[in-house]
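First comes the structure, then the notes that go with it.
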Amino acid sequence: MSQTIAFIGLGNMGGGMAANLLKNGFAVRAFDLSDDALAKAEQAGAVRCASAAEAVSGADAVVTMLPAGKHVESVYTGDVFGAARAGALFLDCSTIDVATARRVEDAATARGFEMVDAPVSGGIAAANGGTLTFMVGGSEQAFGRARPILSAMGKAVIHAGGAGNGQAAKICNNMLLGATMVATCETFAMAGKLGLDPQTFYDISSVSSGQSWSMTSYCPVPGVGPQSPSDNGYQGGFAVGLMLKDLKLAVEAAASVGASVPMGNVAESLYQLLANRGEAGRDFSLMIEMLEGK
Ligand code: NAD
């Protein structure tokens, strides 16, 4: 018999993820504070619920895709724990701070539930296309139960270790991405001032030791490298505001364990400056324009 999933948080990411669960034969009970989000979920075939508790009651598993740690903590402690049936599995796919993820998972365990943190790599297109990568923190047993549910929404599901380790992997990866994007942008800006044609510099560096994903999969220079948001006026892609959110989570986590992250700190400051220029909604490779002095 197919499993019933309560899905809470059907925004830009959660809407597509819930639709993929439905396509893969799961039943979905949906709840969101937004009527629009709920109407879209209903159109995709989900059962519309009037509250998180109503969605959760009778579900075999609960998936949450919410903005931040405070929303995740209040939804689980306020609604999910009290309404879930014994043995229900909890999967939080939001990007949140490691400390909150561990606190909520500890609270779930204390109530006899299994839970994983399973943040994603990939944006709205990957959520719609079912090609997300999930980084999962939790026990072996919880991971084994979560895997078939996550596989219905993504192309890769990787166990990162115990509770909170999915979030740790996510923010470490995105801190590295933020730092390499800044470095790639400042380098193209400098190369241009030194008289190098950007395509020529790409042809050289993309097969040399300066190569990175930020250069060869997501080049910030329009018209250079494969198609990316820079070719589309820096629309779509991964928003400056979301990169800034992840960098803030990263430097906060670094401080909590005494890790030195000078590159992460610089990337956070630069993305804050870009957001302050009113660019929080455009793609994060827009950093190149600021570093070119535009
Ligand atoms: P979003 O704002 O589009 O969606 C969040 C949804 O949660 C909204 O529909 C909102 O109404 C709902 N919500 C908020 N509080 C709620 C509550 N108490 N009960 C029920 N619903 C509630 O955000 P998104 O872009 O879908 O991102 C969701 C998560 O995924 C975030 O943690 C984000 O950092 C992460 N993420 C986003 C992207 C991306 O490209 N958008 C990529 C990777 C990870």
Side-chain angles (χ1 to χ4, degrees), residues 6-20 28-42 44 46 48-56 62-83 90-98 100-101 104 117-136 150 153-156 166-167 169-175 177-178 218 229 234-250 252-253 271 275 280-285:
F7 205 112
I8 303 170
L10 299 128
N12 289 319
M13 296 291 290
M17 291 164 69
N20 281 314
V28 174
R29 296 172 62 77
F31 176 68
D32 195 292
L33 297 176
S34 148
D35 268 347
D36 279 358
L38 271 181
K40 280 190 196 133
E42 199 173 17
R48 184 183 179 128
C49 296
S51 67
E54 185 185 316
V56 166
V62 178
V63 176
T64 42
M65 194 55 169
L66 296 163
K70 63 182 180 190
H71 308 96
V72 171
E73 190 153 33
S74 78
V75 164
Y76 278 95
T77 57
D79 299 291
V80 176
F81 290 159
F90 304 151
L91 306 89
D92 179 38
C93 297
S94 327
T95 302
I96 69 169
D97 59 288
V98 176
T100 301
V104 175
D117 50 296
V120 305
S121 175
I124 299 163
N128 289 335
T131 57
L132 294 167
T133 292
F134 290 91
M135 308 158 213
V136 188
L150 297 173
M153 302 184 283
K155 66 171 171 17
Q167 298 295 350
K170 161 87 188 181
I171 54 168
C172 286
N173 180 69
N174 279 19
M175 186 178 80
L177 172 63
Y218 213 90
Y234 301 95
Q235 301 300 328
F238 186 46
V240 166
L242 286 171
M243 173 50 85
L244 179 59
K245 171 191 167 177
D246 292 354
L247 287 168
K248 284 183 184 300
L249 291 173
E252 180 189 312
Y271 276 102
R282 292 172 80 195
D283 181 72
F284 81 118
S285 61

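If you read the sequence from its start, that first residue is 1, and numbering goes on from there. Small disclaimer: the values here were computed from a predicted structure and weren't measured. Start at 1 and go down the list; that is how both ligands and their atoms are numbered.
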For ligand 1, which atoms have a heavy atom of Leu242 less than 4.0 angstrom away? 34 (O), 38 (C), 39 (C), 40 (O), 41 (N)

Residues forming a ring pair (Phe, Tyr, Trp, His ring centres under 6.0 Å) with Phe7, sequence neighbours excluded: none

Please report the closest heavy-atom contact between Ala41 and Leu10, naming both atoms and the distance. CB-CD2, 4.0 Å

What distance separates Phe238 CZ from Met243 CE, expressed to the nearest 0.5 Å? 5.0 Å

side-chain contact (heavy atoms from CB on, under 4.5 Å) evaluation trace for Phe284 with Leu177: CA-CA 10 Å; Phe284 81 118; Leu177 172 63; 3.8 Å; yes

shortest atom 10 (C) of ligand 1-to-protein heavy-atom contact is with Asp32 OD1, 3.4 Å

Near Gly9 (heavy-atom distance under 4.0 Å), the atoms of ligand 1 are 7 (O)

One finds that the ligand 1 atoms under 4.0 Å from a non-hydrogen atom of Ser94 are 32 (O)

Are the side chain of Lys170 and the backbone N or O of Val120 linked by a donor-acceptor pair below 3.5 Å? yes

Checking Glu252 now: which residues fulfil salt bridge (Lys or Arg N to Asp or Glu O under 4.0 Å) with it, not counting sequence neighbours? none

Counting heavy atoms only, name the option from Met65, His71, Met13, Met17 that's nearest to atom 24 (P) of ligand 1. Met13

Contact summary for Gly122 and Met13, nearest pair of heavy atoms: O-CE, 3.5 Å

Looking only at N/O atoms, are Asn12 and ligand 1 under 3.5 Å apart anywhere? yes

Considering only heavy atoms of Gly123, which atoms of ligand 1 have at least one such atom less than 4.0 Å away? 40 (O)

Give the residue, atom name and distance (to 0.1 Å) of the protein heavy atom nearest atom 22 (C) of ligand 1. Leu66 CD2, 3.4 Å

Quick check on atom 2 (O) of ligand 1 - does any protein heavy atom sit closer than 4.0 Å to it? no

Students should be able to answer this: which protein heavy-atom is nearest to atom 14 (C) of ligand 1, and at what distance? Pro67 CD, 3.7 Å

Flag the pair Asp35 and Arg48 as a salt bridge only when some basic side-chain nitrogen lies within less than 4.0 angstrom of an acidic carboxylate oxygen. yes

Answer with yes or no whether Gly15 contacts ligand 1, where contact means a heavy atom under 4.0 Å from a ligand atom. no

Counting non-hydrogen protein atoms only, what is the nearest one to atom 21 (N) of ligand 1? Give residue, atom name and distance. Leu33 N, 3.5 Å

Less than 4.0 Å between atom 30 (O) of ligand 1 and some protein heavy atom, yes or no? yes

Nearest non-hydrogen contact to atom 44 (C) of ligand 1 from the set Thr95, Leu10, Asp36 belongs to Thr95

As a check for students: among Gly122, Ala68, Ala37, identify the option with a heavy atom nearest to atom 42 (C) of ligand 1. Gly122

Under 3.5 Å, is there a donor-acceptor pair between the Tyr218 and Asp283 side chains? yes

Closest non-hydrogen atom pair, Ala46 against Ala30: CB-CB, 4.0 Å

Just checking, any donor-acceptor pair under 3.5 angstrom between side chains of Ser94 and Asp92? yes

Which of the ligand 1 atoms, numbered from 1, are nearer than 4.0 Å to a heavy atom of Ile8: 20 (C)

Measure Lys170 to ligand 1 on non-hydrogen atoms and call it side chain, backbone, both or neither using the 4.0 Å cut-off. side chain

With a cut-off of 4.0 Å, which atoms of ligand 1 are near a heavy atom of Gly11? 3 (O), 4 (O), 6 (C), 9 (O), 26 (O)

With a 4.0 Å heavy-atom cut-off (strictly under), which part of Ile96 contacts ligand 1: side chain, backbone, both or neither? neither

What part of Val75 sits under 4.0 Å from ligand 1 if we count only heavy atoms: the side chain, the backbone, both or neither? side chain

Roughly how far, to the nearest 0.5 Å, is CG of Leu242 from CD1 of Ile124? 8.0 Å

Please confirm whether Ala52 comes under 4.0 Å of ligand 1, counting heavy atoms of the residue only. no

Taking everything shown except Lys245 itself, do over 12 heavy atoms lie less than 6.0 Å from its NZ? yes

If I compare all heavy atoms of Asn20 with all of Asn128, which pair ends up nearest, and what's the gap? ND2-O, 3.2 Å

Quick check on contacts: which atoms of ligand 1 are under 4.0 angstrom from a heavy atom of Phe31? 19 (N), 20 (C)

Could you tell me, atom by atom, which parts of ligand 1 come under 4.0 Å of a heavy atom of Lys245? 31 (C), 32 (O), 33 (C), 34 (O)

